[in-house]
Amino acid sequence: MVFNQGCNSKKEEAKNEEKKPLSLIVVEPGHFHAALVQKSMYADVDSVVHVYASEGPDVKAYLDKVEKYNTRPEDPTHWKEEVYTGPDFFEKMISEKKGNVVVLAGNNQKKTDFIKKSVDAGLNVLADKPMAIDAAGFDKLKEAFASADKNKVLLYDIMTERYEITNTLQRELALLPEIFGELQKGTPENPAVSKESVHHFFKYISGEPLVRPTWFFDVNQQGEGMVDVTTHLVDLVQWSCFPNVSLDYQKDIQLLSTKRTATQLTPSQFKLVTKSETYPDFLKKDIKDTLLNVYSNGELNYTLKGVHAKVSVIWNFQAPEGTGDTHYSIMKGSKANLIVRQGKDQKYKPVLYIETTDKSKAYEDAVTAAFKSIQDKFPGVELKKIPAGWEVVIDAKYDTGHESHFAQVANKYMEYLKAGKLPEWEVPNMIAKYWLTTSALKQAKEKK
């Protein structure tokens, strides 16, 4: 079946389309992130998108979202979705090769396999996290990176959190010794870097209640919390503490301790978020006394080049009214701590602070002088004095929201495709990241 959404048949436009070097292939779009990649149009990307999927509610939900972007009153997109559905969708995609960039955001059980086969076929891959959810998946992912290198294609994961302005500025400030000093080493009990994330199964996306597929609650298909959301947190630790440095997971990382726990859902909560009246058979293994136990919470403590780090993720069912997902992050320097808080005092919006015990005039002057380099890069960002140090006041224009970060990642990836390569550090650091998350899960499960 073919969907021509928002099609303009002018010959001139058709001529322009022919010149576009990139063309998307969306495979089995089971996660709403697949649609978010298409919330914007891209200068170098053909408007015709080739979709290959198994028939069912997942692909329908994806197409509905893209249709909404195509028909919104402000700045509508004009994607034309050409859809093939059938049990042989993946083989059909590989044999037809109708585009050159595969977008993967869906069930994680087969994702690593899809990644490997796509790069083996000479296709670029932009994949939602996580790209691997267990130790066997990590081994296959390493092979996929070797294959991508051999076939001169780029494999990249969608790290949206780098584009959240408070995370960006925290990294920038850590690069300024006049403000931050040196990154501390910390201890297992008092890590130098901590990142904590609280997420919710029931939430609103693009203004509508999110319906999650039933498989999202099966850790064999979605992955446990320790290998899912923690991917972002581990990435931010690497990216912030050792910017543009290639990491070797065999030498630079030491895994110290891990912990995993389950979030419980009642049958009515499960129905609300999935629209499913009953638990599917694949979830029966996780049900005790009618409650569904989802191992979505995880914590790992480790050292990265000798720096003690801790990342943890918690999933609750629903955020209290007026709140949402929250993020806490601290980087401890010899002169100041850089802290992102997102609680009640911050009205559940992330706010970045510079906190210090040095109240001297000399240090205050040094902070003011050094901060000018931040203002040159990010005009409209200011410092506000508070008892603990400073709040970084960020102009509203930088607060573009989580959904906009998908286009930012995609644009960055397209720059790399144009250049024909990723930055030197990206591949070793993706490998390091997935080694850490999958090894942490293995260790945590062995403890039981």
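Excluded from the calculations below are hydrogen atoms, water molecules and symmetry mates; all remaining heavy atoms, backbone and side chain alike, are included.
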Return the CG to NE2 distance between Asn100 and His50, rounded to the nearest 0.5 Å.
9.5 Å
Using side chain to side chain donor-acceptor pair (under 3.5 Å) as the criterion, list what pairs up with Lys203, not counting sequence neighbours.
Asp325
May I ask you to say whether Lys433 pairs ionically with Asp157, meaning some side-chain N is under 4.0 Å from a carboxylate O?
yes
Excluding sequence neighbours, so at least two apart, what forms salt bridge (Lys or Arg N to Asp or Glu O under 4.0 Å) with Lys288?
none
Got Leu247 and Ile253 here, is their nearest side-chain heavy-atom distance under 4.5 Å?
no
All heavy atoms of Leu256 vs all of Gln443, minimum pair found to be O-OE1, 4.1 Å
Would you check if the side chain of Glu426 reaches a backbone N or O of Tyr156 as a donor-acceptor pair within less than 3.5 Å?
no
Just grab all the salt bridge (Lys or Arg N to Asp or Glu O under 4.0 Å) pairs involving residues 140-152, residues at least two apart or on different chains.
Asp113-Lys140
Relative to each other, are the rings of Tyr52 and Tyr84 parallel, tilted or perpendicular (30° and 60° limits)?
tilted
Nearest-0.5 Å distance, CG of residue Asp235 to CG of residue Leu436:
11.5 Å
Does any N or O in the side chain of Arg72 come within less than 3.5 Å of the main-chain N or O of Asp75, such that one atom is a donor and the other an acceptor?
yes
Salt bridge flag under 4.0 Å for residues Glu403 and Lys65:
no
Any donor-acceptor pair under 3.5 Å from Asn297 side chain to Gly225 backbone:
no
Are Met159 and Thr231 side-chain neighbours, meaning at least one heavy-atom pair lies under 4.5 Å?
yes
Go through the structure and list residues passing salt bridge (Lys or Arg N to Asp or Glu O under 4.0 Å) with Lys347, not counting sequence neighbours.
none
dist Lys195:NZ -> Leu233:CG (nearest 0.5 Å) comes out at 8.0 Å
Spell out, as yes or no, whether a donor-acceptor pair under 3.5 Å connects the side chain of Gln221 to the backbone of Gln109.
no
Residues Asp64, Lys68: salt bridge by 4.0 Å N-O rule:
no
Heavy-atom side-chain contact between Val198 and His200 under 4.5 Å
yes
Any luck finding a side-chain donor-acceptor pair between Thr437 and Thr230 under 3.5 Å?
no
Side-chain contact test, heavy atoms from C-beta onward, threshold under 4.5 Å: evaluate it for Asn124 versus Tyr413 and give yes or no.
yes
Expected output: side-chain Ser240 to main-chain Val237 donor-acceptor under 3.5 Å:
no
Sequence neighbours excluded, the answer for side chain to side chain donor-acceptor pair (under 3.5 Å) partners of Gln408 is His405
Taking Ser373 as the fixed residue, which of Leu176, Ile179, Leu173 is the one that meets the side-chain contact (heavy atoms from CB on, under 4.5 Å) rule?
Leu176
Contacts satisfying salt bridge (Lys or Arg N to Asp or Glu O under 4.0 Å) that involve residues 97-109 (not counting sequence neighbours) are Glu96-Lys98
Do Met131 and Val125 touch side chain to side chain, with heavy atoms closer than 4.5 Å?
no
Would you please name every residue forming a salt bridge (Lys or Arg N to Asp or Glu O under 4.0 Å) with Asp44, sequence neighbours left out?
Lys418
Angle class for the Phe114/Phe90 ring planes (parallel below 30°, perpendicular above 60°, tilted otherwise)?
parallel
Side chain to side chain donor-acceptor pair (under 3.5 Å) with Asn411: which residues, sequence neighbours excluded?
none
Residues in side chain to side chain contact (heavy atoms under 4.5 Å, CB included) with Phe317, at least two apart?
Phe201, Phe202, Leu265, Gln269, Leu272, Val273
Measure across Met430 and Leu155 and return the closest heavy-atom pair with its distance rounded to 0.1 Å.
CE-O, 3.5 Å
So, Phe145 versus Tyr434, ring centres under 6.0 angstrom or not?
no
What do you reckon, is CD of Glu424 surrounded by more than 12 foreign heavy atoms closer than 6.0 Å?
no
For Lys284, does the NZ atom sit with more than 12 other heavy atoms under 6.0 Å from it, leaving out its own atoms?
yes
Is there a side chain to side chain contact (heavy atoms under 4.5 Å, CB included) between Glu67 and Trp79? Walk through the geometry before answering.
CA-CA 8 Å; Glu67 171 66 12; Trp79 299 110; over 6 Å; no
Measuring from Tyr302:OH to Ser439:OG, what's the distance to the nearest 0.5 Å?
12.5 Å
Taking the side chain as everything from C-beta on, heavy atoms only, tell me whether Pro29 gets closer than 4.5 Å to Val59.
yes
Decide whether Gln222 and Asp228 meet the rule of one side-chain donor and one side-chain acceptor closer than 3.5 Å.
yes
Test item: Asn151 side-chain N/O and Val153 main-chain N/O as donor-acceptor pair under 3.5 Å:
no
Within the distance-only criterion (no hydrogens, no angle test), does the side chain of Asp395 pair as donor or acceptor with the backbone N or O of Lys397 below 3.5 angstrom?
yes
Could you tell me if the side chain of Glu164 sits less than 4.5 Å from the side chain of His402, heavy atoms only?
no
Any donor-acceptor pair under 3.5 Å linking the side chain of Lys111 with the backbone of Pro130?
yes
Indicate yes or no: at least one non-hydrogen side-chain atom of Tyr62 is less than 4.5 angstrom from one of Gln38.
yes
So, does Gln342 use its side chain to make a donor-acceptor pair with the main chain of Lys349 at under 3.5 Å?
no
Would you say Thr77 and Asn70 are linked by a side-chain donor-acceptor pair, where the criterion is simply a distance under 3.5 Å?
yes
Could you give all pairs that pass the ring-ring contact (aromatic ring centres under 6.0 Å, His included) test and reach residues 221-245, with sequence neighbours left out?
none
Contacts of type side chain to side chain donor-acceptor pair (under 3.5 Å), residue Tyr163, not counting sequence neighbours
none
Heavy-atom pair with the smallest gap, counting every atom of Leu141 and Ala132:
CD2-CB, 4.2 Å
Name all residues meeting the salt bridge (Lys or Arg N to Asp or Glu O under 4.0 Å) criterion together with Glu355; count only those two or more places apart in sequence or in a different chain, and write none if there are none.
Arg341
Looking only at heavy atoms, which two atoms of Thr438 and Ile133 are closest? And how far apart?
CG2-C, 4.0 Å
Are Ser47 and Lys80 linked by a side-chain donor-acceptor pair shorter than 3.5 Å?
yes
If we ignore hydrogens and angles and just use 3.5 Å, is the side chain of Ser194 paired with the main-chain N or O of Ala309 as donor and acceptor?
no
Shortest non-hydrogen pair, Thr263 vs Trp315, comes out as OG1-O, 2.6 Å
